[in-house]
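Every chain is numbered from 1, with letters handed out A, B, ... down the list of sequences.
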There are 2 protein chains.
Amino acid sequence: MAATDKALAGLRQMIASGELGPGAKFPPEPELCDHLGVSRSSLREAVRSLGALGVIESRHGSGTYVSALDPAAIISRFSLSVELIPLEGVLELLEVRRVLESHATAAAAARQDPDLAEHLGKVLDQLESTTEATEIQHLDAEFHGLICSAGGNPTVTALTEVIRGRGGHYRIFEPGADFDAIKQTSDRGHRAILSAILTRDPAAAATAASAHIAQTELWLRALRPEPRPA
Amino acid sequence: MAATDKALAGLRQMIASGELGPGAKFPPEPELCDHLGVSRSSLREAVRSLGALGVIESRHGSGTYVSALDPAAIISRFSLSVELIPLEGVLELLEVRRVLESHATAAAAARQDPDLAEHLGKVLDQLESTTEATEIQHLDAEFHGLICSAGGNPTVTALTEVIRGRGGHYRIFEPGADFDAIKQTSDRGHRAILSAILTRDPAAAATAASAHIAQTELWLRALRPEPRPA
DNA sequence: TTCGGGAAAACGTCTGATGACTCACGCGCG
DNA sequence: CGCGCGTGAGTCATCAGACGTTTTCCCGAA
């Protein structure tokens, strides 16, 4: 087996076997090199690999540690790769977001949380009163993020966030011929979702969220001939 | 900015800007070092990072290339990190699988594919006639994988596969007190899913898949006091 | 007791050299 | 002329060593 792969397997094994739990500290690099039988360069490349995946963190001057191994945190690391996926693939991802976020929105509606509804209302007020692309994107993310969080599954929140972040790179809300129509449709979609949450109607919430995201899919699909990543 | 981070940002930029598309070849390492202003060690660590994320591949003796940037392939890379997530986090992930696979199963049922149904039937026949843990796991993966593939979204298939792979590390089907009861419940669940597909009833298929996976969640939840990763 | 300096520990980066693998070119044989 | 096949250039893989930077902690002085 190649040196770096050997180191990688060794490091993963140390975690998988339970020898090192979340937050635990690895031995110093020289010791690990000796233990794994590879040079420091190879060990460090292996550490970088696991670092990119959110499994390990190296702290300069302190040591190398196992991360918290929290699913949401690990999924967030995906944004580094997901943000490079071409438009065609983003459409597949949006179906995932549509299904998951629809589920989370229903769960949020099933709860009875006046604070959430109030907060969402404020966000929508702001969102409807702006036409600045960056601000729209930011408020849209806050709106959907709050709802997903209320859904109760941080993993779902992280996944939808990563996918939403990718879609956000395509500037749907650039001032242009269809800007007003698109903005109004989007705003209405948000209000429909909030309305379902206010009336505590999970089925309506799921439908509204699904329709809203499906609309986004349509807009992105229209960009297909000429994708314009940020 | 730190050297490795600078290299990482530079490499990502080369892809994000469209300078290098899927499958394109990077310049040789010495040239990249010069271009990015870092040493070869730092560059290689950055390359490893992106390699772990499935964004680029180094081929010994040939060169370094941008990957296909296929969402399903990128998501498969997650298994390296997801397989290290503790049981508590796996339960959150299983909710994701339940929602996604339920959706995909409904889509599979909506299609009219006699070949799929026939294939699934054969797999279940085999599955019901074995009590060997590894074989059960293998056939179970094939059954669910076929259905997800029929759902039409490779990204969903990849995601559910990663999560299923993680769950599979917990040996639910070890011979033990409840083995027969668990096996029978599992087999019945599979038959219910196949039945819904055969009758082309998407709603029933979604419900059956959801119930089947929810059952798995219950079994795993019961392991919580004493998780036993592979 | 508190604050600050300094030494030790650990990761971060760079350099140079050597090995291993791939691929294509060109030579020689049939 | 066509087909292998060897060979060499190109490229990544690995190793070894040295030095810089950051963190951490101990210990002495106020």
Side-chain angles (χ1 to χ4, degrees), chain A residues 1-15 19-69 73 77 80-81, chain B residues 1-15 19-69 73 77 80-81:
Chain A
M1 192 191 308
T4 303
D5 291 342
K6 188 164 60 172
L8 202 79
L11 292 173
R12 289 189 76 237
Q13 177 62 22
M14 292 173 76
I15 301 174
E19 180 182 342
L20 294 176
K25 182 177 178 177
F26 281 95
E29 289 178 350
E31 198 170 323
L32 277 177
C33 292
D34 187 57
H35 176 55
L36 297 170
V38 300
S39 73
R40 207 178 145 218
S41 315
S42 298
L43 171 70
R44 282 184 58 76
E45 290 189 16
V47 167
R48 280 284 178 190
S49 288
L50 291 175
L53 293 168
V55 171
I56 277 181
E57 304 172 28
S58 280
R59 298 179 207 155
H60 193 176
S62 171
T64 304
Y65 302 80
V66 180
S67 78
L69 293 180
R77 283 315 193 92
L80 289 175
S81 49
Chain B
M1 192 190 307
T4 302
D5 291 341
K6 187 163 60 172
L8 201 77
L11 293 173
R12 290 190 76 235
Q13 177 61 21
M14 292 173 78
I15 302 174
E19 180 184 343
L20 294 175
K25 182 177 177 177
F26 281 95
E29 289 179 351
E31 197 169 322
L32 277 177
C33 292
D34 188 57
H35 175 56
L36 297 170
V38 301
S39 73
R40 234 191 111 209
S41 320
S42 299
L43 171 68
R44 282 183 58 75
E45 291 190 13
V47 168
R48 281 283 178 190
S49 288
L50 291 175
L53 292 168
V55 171
I56 72 188
E57 319 173 12
S58 281
R59 297 179 207 156
H60 192 174
S62 172
T64 304
Y65 302 81
V66 180
S67 78
L69 294 180
R77 283 317 192 92
L80 289 174
S81 47

Visitor: Do the side chains of A:L43 and A:V47 get nearer than 4.5 Å, heavy atoms only?
Guide: yes
Visitor: Taking atom types as they are modelled, is there a donor-acceptor pair under 3.5 Å from the base of C:dT13 to the side chain of A:R40?
Guide: yes
Visitor: Determine whether any donor atom in the side chain of B:H60 lies under 3.5 Å from an acceptor atom in the base of D:dA13, or the reverse, and answer yes or no.
Guide: no
Visitor: Return no unless some side-chain N or O of B:T64 is found under 4.0 Å from OP1 or OP2 of D:dC12.
Guide: yes
Visitor: Evaluate the criterion side chain to side chain contact (heavy atoms under 4.5 Å, CB included) for residue pair B:L11 and B:V55; output intermediate values, then yes/no.
Guide: CA-CA 10 Å; B:L11 293 173; B:V55 171; over 6 Å; no
Visitor: Just call it for A:S58: base, sugar-phosphate, or nothing, with non-hydrogen atoms closer than 4.0 Å on any strand.
Guide: sugar-phosphate
Visitor: Would you mind reading off the distance between A:E31 atom CD and C:dA9 atom P, rounded to a whole angstrom?
Guide: 13 Å
Visitor: Should the side chain of B:R48 and the base of D:dA13 be counted as holding a donor-acceptor pair, with the cut-off at 3.5 Å?
Guide: no
Visitor: If each of B:P30 and A:S39 is mapped to the nucleotide of DNA chain D with the nearest heavy atom, which maps nearer the 5' terminus, i.e. the 5' end?
Guide: B:P30
Visitor: Suppose we screen for side chain to side chain contact (heavy atoms under 4.5 Å, CB included). Which residues come up paired with A:T4, at least two apart in sequence or across chains?
Guide: A:S42, A:E45, A:A46, B:R48
Visitor: What's the verdict on side chain to side chain contact (heavy atoms under 4.5 Å, CB included) for A:L80 and B:L50, showing C-alpha distance, side-chain angles and the deciding distance?
Guide: CA-CA 8 Å; A:L80 289 175; B:L50 291 175; 5.8 Å; no
Visitor: Using atom CD of A:E29 as one end and atom P of D:dA18 as the other, report the distance to the nearest whole Å.
Guide: 17 Å
Visitor: From CG of B:L43 over to P of D:dT14, roughly how many Å is that when rounded to an integer?
Guide: 15 Å
Visitor: When all nucleic acid strands are considered with a 4.0 Å heavy-atom cut-off, which category describes A:R44: base, sugar-phosphate, or nothing?
Guide: base
Visitor: For a quick test of reading the model: is some side-chain N or O of A:S41 closer than 4.0 Å to OP1 or OP2 of D:dA16?
Guide: no
Visitor: For residues 4-12 of chain B, which residues have at least one heavy atom under 4.0 Å from DNA chain C?
Guide: B:T4
